[in-house]
Amino acid sequence: MIVTVTPNAALDVTYTVDGLVPDAVHRARDVRHRAGGKGVNVARVLHALGADVHAIATAGGPTGSALAAELGAAGLAAELVPIGGETRRTTTVLSAVDGSVTLFNEPGPAVTAMEWALLTERVRRRDPEVLVCAGSLPPGAPADGYARLIEGRKSVLDTSGPALLAGLAGRPAVVKPNAAELREVTGLDDPARAARELMRAGAGAVVVSLGADGLLAVTPAGTWRATPSGPLSGNATGAGDAVVAALALGLSRLEPWPEILRRAVALSGAAVLGPLAGDVDLAHYHRELAAVRVRPEQES
């Protein structure tokens with residue numbers, strides 16, 4: 001079983017508007033609400049692929065109740081840790097005219113030591129084959145919270161900033177930053193050099209999201225670039241979560257890196273074409289699998 005952990009879960013609210021203009025009144029064409037947070041989105045993608053996945057997340061207040069109801073309606077296997085604070089909301093504004101996406105992330109409620117201990121106990125009780133730790137740590141969580149969850153488990157870590165650096169102490173099997181997150185924690189502009197810095201600090205492998213340019217994977221078995229067959233337009237907010245889903249699935253199946261990366265790029269594109277984060281266009285995914293280009297790179 002793959003278990004995803006989302007300690008700072010959210011109710012995602014997506015507005016579709018004709019265009020986003022500062023200092024103007026906007027009338028939404030469409031408003032959608034769904035349970036979110038990076039780990040929940042990863043679980044949703046894995047569920048769509050038929051994988052055995054279980055999501056663990058926090059939930060509190062009326063917003064947390066709405067999150068729980070949506071997860072149940074979606075048929076996603078989930079376990080929610082009750083917290084005293086109100087679950088946060090994230091707001092996405094999608095322009096139907098130019099395809100631009102504007103995202104507003106609330107910081108989330110603080111968790112207590114007892115609430116964090118309960119989340120940790122839920123993860124240990126599940127004893128996952130692959131553990132995915134994704135998203136920001138909520139206020140009140142221990143700085144090394146991800147490292148403690150990961151230690152001794154085959155895992156994928158997808159977070160940023162201090163949480164990413166502290167999480168390396170748990171020696172995650174794969175870390176998946178995007179280029180900006182990687183630059184932030186290493187100070188290096190070269191993604192390959194920066195990825196090797198993270199490996200020296202504890203990451204087993206590093207897969208870097210490069211947006212429309214695909215993925216760079218730096219691993220003990222070699223370095224690869226994986227690129228899509230062509231550009232896509234749509235909602236890219238869930239593309240990175242789809243990559244994480246592919247990494248977790250590949251780890252669970254002991255697949256070789258080129259195969260994992262091929263699926264990751266295909267799923268990422270399928271997520272761009274999905275209407276909401278966590279959705280994937282499965283028809284595009286299956287078509288793109290054969291078209292993704294994966295090539296080895298010489299280390300510099």
Side-chain angles (χ1 to χ4, degrees), residues 2-14 32-48 53-92 101 103-111 115-116 118-120 122-123 126 128 131-141 145-146 149-150 155-161 163-164 167 176-178 181 209 235-245 247-248 271 274-280:
I2 299 170
V3 171
T4 71
V5 180
T6 314
N8 204 10
L11 185 70
D12 291 344
V13 183
T14 301
R32 302 192 189 186
H33 299 76
R34 79 182 322 175
K38 295 180 78 63
V40 171
N41 294 338
V42 171
R44 206 181 288 271
V45 174
L46 288 167
H47 178 69
V53 61
H54 188 89
I56 296 177
T58 55
T63 307
S65 297
L67 182 148
E70 198 283 325
L71 284 175
L76 191 64
E79 194 170 356
L80 299 178
V81 176
I83 58 174
E86 179 85 13
T87 294
R88 68 190 179 116
R89 290 176 177 242
T90 64
T91 302
T92 301
V101 179
L103 186 64
F104 299 89
N105 282 334
E106 295 180 7
V111 297
E115 290 164 348
W116 185 262
L118 180 58
L119 182 143
T120 300
R122 298 282 176 89
V123 173
R126 285 283 163 186
L131 176 67
V132 174
C133 292
S136 59
L137 286 171
Y146 278 147
L149 289 174
I150 288 168
S155 56
V156 182
L157 176 62
D158 182 17
T159 187
S160 60
L164 170 56
K176 195 226 65 73
N178 61 36
E181 291 164 346
S209 294
N235 183 358
T237 54
D241 302 329
V243 170
V244 173
L247 297 175
L276 299 173
D279 289 334
V280 287

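When reading the values below, keep in mind they use all heavy atoms of this one structure, side chains included, and skip hydrogens, waters and symmetry mates. This is a predicted model, so every value here is computed, not measured.
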Write down the atom of W116, the atom of G145, and the distance for their closest heavy-atom approach. CZ2-CA, 3.6 Å
Mind checking the OG1-CD spacing from T63 to E86? Nearest 0.5 Å is all I need. 3.5 Å
Does the side chain of V243 reach to within under 4.5 Å of the side chain of K176, using non-hydrogen atoms? yes
When T92, V40, N41 are each screened for side-chain contact (heavy atoms from CB on, under 4.5 Å) with D12, the one that passes is N41
For G39 and A134, which heavy atoms make the closest approach, and how far apart are they? N-CB, 3.6 Å
Indicate yes or no: at least one non-hydrogen side-chain atom of E106 is less than 4.5 angstrom from one of T91. no
Looking only at heavy atoms, what is the nearest atom pair of V42 and D241, with distance? CG2-O, 3.4 Å
In terms of heavy-atom contacts, G85 and P109 come closest through CA-CB, 3.8 Å
Measuring from atom CG of L164 to atom OG of S136, what distance do you get when rounded to the nearest 0.5 angstrom? 13.0 Å
Is a salt bridge present between D279 and R34, judged by a nitrogen-to-oxygen distance below 4.0 Å? yes
Looking only at heavy atoms, which two atoms of V280 and A48 are closest? And how far apart? CG2-CB, 4.2 Å
Which pairs of donor and acceptor atoms, one on a side chain in residues 64-77, lie under 3.5 Å apart (sequence neighbours left out)?
| unit_1 | atom_1 | unit_2 | atom_2 | d |
| --- | --- | --- | --- | --- |
| S65 | OG | G61 | O | 3.4 |
| E70 | OE1 | A35 | N | 3.0 |
| E70 | OE1 | R44 | NH2 | 3.0 |

If you define the side chain from C-beta out and look only at heavy atoms, does anything of P7 sit under 4.5 Å from L137? yes
Given K38 and T4, is the side chain to side chain contact (heavy atoms under 4.5 Å, CB included) satisfied, shown in steps? CA-CA 9 Å; K38 295 180 78 63; T4 71; over 6 Å; no
Donor-acceptor pair, T87 side chain versus G60 backbone, under 3.5 Å? yes
Would you say V132 and L247 make side-chain contact, with heavy atoms under 4.5 Å? no
Ignoring hydrogens and angles, tell me if any N or O in the side chain of N235 forms a donor-acceptor pair with the backbone of V101 under 3.5 Å. no
Begin with the C-alpha distance, continue with both residues' side-chain angles, and end with the deciding distance and a verdict on side chain to side chain contact (heavy atoms under 4.5 Å, CB included) for L119 and T58. CA-CA 8 Å; L119 182 143; T58 55; 3.8 Å; yes
Do the non-hydrogen side-chain atoms of S155 and L149 ever get within less than 4.5 Å of each other? no
My understanding is that only residues two or more places apart in sequence, or in another chain, count here; which of them pass salt bridge (Lys or Arg N to Asp or Glu O under 4.0 Å) with E79? R122, R125, R126
In short, V3 meets P128 closest at the heavy-atom pair CG2-CB, 3.5 Å
